[in-house]
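Below: one structure, written as structure tokens.
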Amino acid sequence: MAAGAGAFAPFPGHPPASLHEFPYPPQTRPRVARGSPTGGVPPAIDLVLGAAAGCLACVLTNPLEVVKTRLQLQGELQPPGTYPRPYRGVLRAVGAVCRADGLRGLQKGLAAGLLYQGLMNGVRFYCYSHAEDAGWTGYPGGTVAAGAVAGAVGAFVGSPAYLVKTHLQAQTLAAVAVGHQHNHENISGAFKSIYQQHGVAGLWRGVTGAVPRVAVGSATQLATFASAKDWVCEHQGKLYRGFLDCILQISSKEGLLGLYKGIGAVYLRLGPHTVLSLFFWDELRKMVQHQEPPGP
């Protein structure tokens, strides 16, 4: 009995009925500073991982890019109702592209798209990783500023590839052609043609519109991603025991519509490419970290 009493010395009179009565707080993982790199992936590695993540997402979302390009160029600088509309909505546009160019038409401009995503996202994540290592993302608004600057630099570097991608994706049969048809034979021919006609500056046409667009998008994406991931890491085990438990709790207390709160605002800015790019980037980071030898 003496030994038993000694074992529960912090509890005079009676042992604890449950862990909730234990007077010492449970041990938790060390908290990582908000916005800090997950496991310290070097910026040079993040350049490769960011490029790979963007390319993987590009393969899956390029058909939507083709459709988007055709819809945007349709009726360019023409009053509404004065031009034919071979592309009417996303689903009909997909069918129109397939009828005119076959299933392969949905992947038009893929090579240029991969080049663009590799350059833009590689540089973007490289710059953002540098900002993380320097500790800039730890300051209030740091993730937003770092994301914006990283996106602007990436957009500038990738602008020529984006221009060529748009040219190639717009090319189709005359019956359903929209916008100016440049008739490039391939990606190298497109670069050569643009350079011969407009010089080096011609390769950066549209960069003044691309830089602010990507800067705003990148600031939103990276800041939101970092904040959401930090929130999940901090609250895991406090509100929900896991993903399925989270779904069950929300649906039981708030109804099924509770699972869709804010969906309009989310998809107003975040689309499939954003989600896939950041997902692949994070997963590739984890793979690299697991392969690194443990420290001494």
Side-chain angles (χ1 to χ4, degrees), residues 41 43-73 97 104-131 146-171 184 186-191 194 203-226 267 269-288:
V41 175
I45 299 297
D46 255 335
L47 186 150
V48 177
L49 299 184
C55 289
L56 287 171
C58 180
V59 172
L60 298 175
T61 60
N62 192 65
L64 293 175
E65 276 290 307
V66 174
V67 170
K68 181 208 74 174
T69 299
R70 302 279 178 93
L71 288 170
Q72 289 179 339
L73 291 176
V97 171
R104 294 181 61 185
L106 292 173
Q107 291 291 7
K108 277 201 168 185
L110 179 60
L114 292 173
L115 178 61
Y116 169 69
Q117 292 297 334
L119 290 172
M120 189 273 287
N121 274 312
V123 171
R124 181 165 72 114
F125 288 125
Y126 174 78
C127 294
Y128 188 79
S129 186
H130 262 302
V149 172
V153 176
F156 181 84
V157 173
S159 187
Y162 188 87
L163 177 65
V164 169
K165 175 185 75 71
T166 303
H167 284 192
L168 294 173
Q169 289 177 339
Q171 290 183 182
H184 301 306
N186 48 49
I187 182 174
S188 59
F191 277 113
I194 295 171
L203 293 169
W204 269 268
R205 277 189 171 185
V207 70
T208 53
V211 166
R213 174 180 63 83
V214 177
V216 171
S218 179
T220 305
Q221 293 165 9
L222 292 173
T224 303
F225 180 73
Y267 276 94
R269 184 61 196 91
L270 299 178
H273 185 87
T274 298
V275 175
L276 289 169
S277 293
L278 293 175
F279 171 77
F280 287 138
W281 176 53
D282 196 46
E283 290 302 310
L284 289 170
R285 266 186 153 193
K286 292 176 184 176
M287 291 171 59
V288 170

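Listed for the E65 side chain is no donor-acceptor partner under 3.5 Å among the backbone atoms of K165. A donor-acceptor pair is defined here as one N or O able to donate and one able to accept, closer than 3.5 Å; no such pair exists between the side chain of W204 and the backbone of P160. The backbone N or O of Q169 lies less than 3.5 Å from no partner atom in the side chain of T69, so there is not a single donor-acceptor pair.
Taking all atoms of both residues into account, the shortest heavy-atom contact from C127 to V153 is SG-CG1, 4.2 Å. Taking every heavy atom of both residues into account, Y116 and G158 meet most closely at CD1-O, 3.1 Å. Minimum heavy-atom separation, P43 to S129: CA-OG, 3.5 Å. Across all their heavy atoms, A52 and L284 have their closest contact at CB-CD1, 3.8 Å. In this structure, L168 and K108 approach most closely via the heavy-atom pair O-CD, 3.8 Å. Contact record, L73 with A170: CD1-CB, 3.5 Å, taken as the closest heavy-atom pair.
Here the side chains of V164 and L115 are not in contact, with every heavy-atom distance at 4.5 Å or above. Looking at heavy atoms from C-beta onward, L203 lies out of side-chain contact with S159 at the 4.5 angstrom threshold. Between D46 and Y126, the closest side-chain pair of non-hydrogen atoms is not below 4.5 Å. At least one side-chain heavy atom of L222 sits less than 4.5 Å from a side-chain heavy atom of F125. Looking only at side-chain heavy atoms (C-beta outward), V157 and M120 stay at 4.5 Å or farther from each other.
Cation-pi contact between R213 and Y162: present, with separation from the ring centre below 6.0 Å and deviation from the ring axis of at most 45°.
If you check the side chains of R124 and Q117, you find no donor sitting under 3.5 Å from an acceptor.
Between the NZ atom in K68 and the OG1 atom in T61 there is a gap of 10.0 Å [rounded to 0.5 Å]. For the atom pair H130 NE2 and L47 CG, the distance stands at 9.0 Å (nearest 0.5 Å). Interatomic distance, N121 CG to L49 CG, rounded to the nearest 0.5 Å: 11.5 Å.
Applying the side chain to side chain contact (heavy atoms under 4.5 Å, CB included) criterion to H167, with sequence neighbours excluded, gives L163, H182, H184, I194.
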With side-chain contact (heavy atoms from CB on, under 4.5 Å) as the criterion, how do V59 and L114 come out once you've worked through the C-alpha distance, each side chain's angles and the decisive distance to 0.1 Å? CA-CA 8 Å; V59 172; L114 292 173; 3.9 Å; yes
